[in-house]
K.L.:
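Provided herewith is a single structure, encoded as structure tokens, for subsequent inquiry.
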Amino acid sequence: MKEQAMMGVRRFGRVNWLGTWTLMRREVRRFMNVWSQTVMAPLINAGLFLMIFTIAIGPQRGDVMGVPFMTFLAPGILTMTVIQNAFANTSSSLASAKVQGNIVDTLMPPLSAAELVTGYIGGAVARGALVAIVIAAGSALFLGVGLQHPVWVMVFVLLGSILMGGLGLIAGIFANKFDQLSAISNFLITPLAFLSGTFYSIDALPPFLQTLSHANPFFYIIDGVRYGMIGVSDSSPWIGLGVVGLACVVVLSICWRWMHTGYRLKS
């Protein structure tokens, strides 16, 4: 009778560290099983972007913000690739589980909403960091682009991965089909990433578009990484830190709420 009364009681402390770590490790192993698609493909895509821009406009384009155009471009390509991969990691994992009907395997273990969010976000951060390391090494090797402020690079790659992992969770929870997930990625994530200073300085934009860019958290992620890598930026990294940090809090709060209530996850 005593054993029956204890059923459903958490017996591993306030935080299920083992369960959270297991979920995080599952997410990491999931993308590492197809490393050629999740690690090598982003590196090849980034290299193709840089090669095309070098051939097309590199020699004719002057310096941007006092640095050669290809040096200016490298941090933007790196950050864009990182945020796209962090978003894809959580969104594809959750959407696949829902479509295949095995989401119950994730919801049944004794994990709280915060622990579920932490496990998924941990996988997104790992993938984003791995992609960042690979592309940064390639940029240093072939373009000579180093790290002027390594701490800022790590901070913005971490915050960018957390933010995009959270947005991926929201998209994965909301989408009931892969078509819906693709629509979110194609019509929201990709445009925001491309129109946030990846390929240009926002000083070249009209005042109205500059104002819109400053309302885009993606701009601050890219600008912060650019400051960390080459020492120049369109805005203060401290402002970017505040904006991206606030965006992370808002997004993670929504993730926690939806996980806690089982919105579009439980019947």
K.L.:
Who clusters with Met24? Use side-chain heavy atoms, under 4.5 angstrom, across I, L, V, M, F, W and Y, and order the result by chain and number.
P.N.:
Trp21
K.L.:
Between Phe219 and His214, how do the two ring planes meet: parallel, tilted or perpendicular, split at 30° and 60°?
P.N.:
perpendicular
K.L.:
Indicate every side-chain donor-acceptor pair of residues 242-254 with a distance under 3.5 Å to a residue at least two apart or in another chain.
P.N.:
residue	atom	partner	partner atom	Å
Ser253	OG	Val249	O	2.7

K.L.:
Can you list, pair by pair, the side-chain donor-acceptor contacts under 3.5 Å of residues 157-179, counting residues two or more places apart and other chains?
P.N.:
residue	atom	partner	partner atom	Å
Ser161	OG	Val157	O	2.8
Asn176	OD1	Lys98	NZ	3.2

K.L.:
Return each pair, listed once, that meets side chain to side chain donor-acceptor pair (under 3.5 Å) where at least one residue sits in residues 184-212; pairs must be two or more places apart or across chains.
P.N.:
Ser201-Asp234
K.L.:
Would you list the atom pairs, donor with acceptor, under 3.5 Å between side chains in residues 66-79 and any protein atom, with sequence neighbours excluded?
P.N.:
residue	atom	partner	partner atom	Å
Thr79	OG1	Pro75	O	2.7

K.L.:
Test side chain to side chain contact (heavy atoms under 4.5 Å, CB included) on Ile83 and Ile221; report intermediate values, then the result.
P.N.:
CA-CA 9 Å; Ile83 61 181; Ile221 300 172; 4.3 Å; yes
K.L.:
List the atom pairs, with distances to 0.1 Å, where a side-chain N or O of residues 116-130 and a protein N or O form a donor-acceptor pair under 3.5 Å, not counting sequence neighbours.
P.N.:
residue	atom	partner	partner atom	Å
Thr118	OG1	Ala114	O	2.7
Tyr120	OH	Arg26	NH2	3.4
Arg127	NE	Asn85	OD1	3.2
Arg127	NH1	Asn89	OD1	3.3
Arg127	NH2	Asn85	OD1	3.0

K.L.:
Would you give the length of the straight line joining atom CE of Met32 to atom CZ of Arg25, rounded to the nearest 0.5 angstrom?
P.N.:
14.5 Å
K.L.:
Do Phe156 and Val82 touch side chain to side chain, with heavy atoms closer than 4.5 Å?
P.N.:
no
K.L.:
For Val104, give me all partners under side-chain contact (heavy atoms from CB on, under 4.5 Å), at least two apart in sequence or on another chain.
P.N.:
Met108
K.L.:
Given the side-chain rings of Phe199 and Phe194, with only the six-membered ring counted for Trp, is the space between their centroids under 6.0 Å?
P.N.:
yes
K.L.:
Applying side-chain hydrogen bond (donor to acceptor under 3.5 Å, both in side chains), can you list everything that pairs with Gln100, at least two apart in sequence or on another chain?
P.N.:
Asn102
K.L.:
Which pairs with one or both residues in residues 231-263 pass ring pair (Phe, Tyr, Trp, His ring centres under 6.0 Å), sequence neighbours excluded?
P.N.:
Trp152-Trp238, Trp256-His260, Trp258-Tyr263
K.L.:
Side-chain heavy atoms under 4.5 angstrom apart, residues restricted to Ile, Leu, Val, Met, Phe, Trp, Tyr: same cluster for Ile222 and Val64?
P.N.:
no
K.L.:
List for me each residue that meets salt bridge (charged side-chain N to carboxylate O under 4.0 Å, His left out) alongside Arg30, sequence neighbours excluded, and say none if there are none.
P.N.:
Glu27
K.L.:
Could you list the residues that satisfy side-chain hydrogen bond (donor to acceptor under 3.5 Å, both in side chains) with Ser235, not counting sequence neighbours?
P.N.:
Asp223
K.L.:
Can you tell me how far apart NZ (Lys266) and CE (Met259) are? Round to the nearest 0.5 Å.
P.N.:
10.0 Å
K.L.:
Only counting residues at least two apart or in another chain, list the ones meeting side-chain contact (heavy atoms from CB on, under 4.5 Å) with Leu141.
P.N.:
none
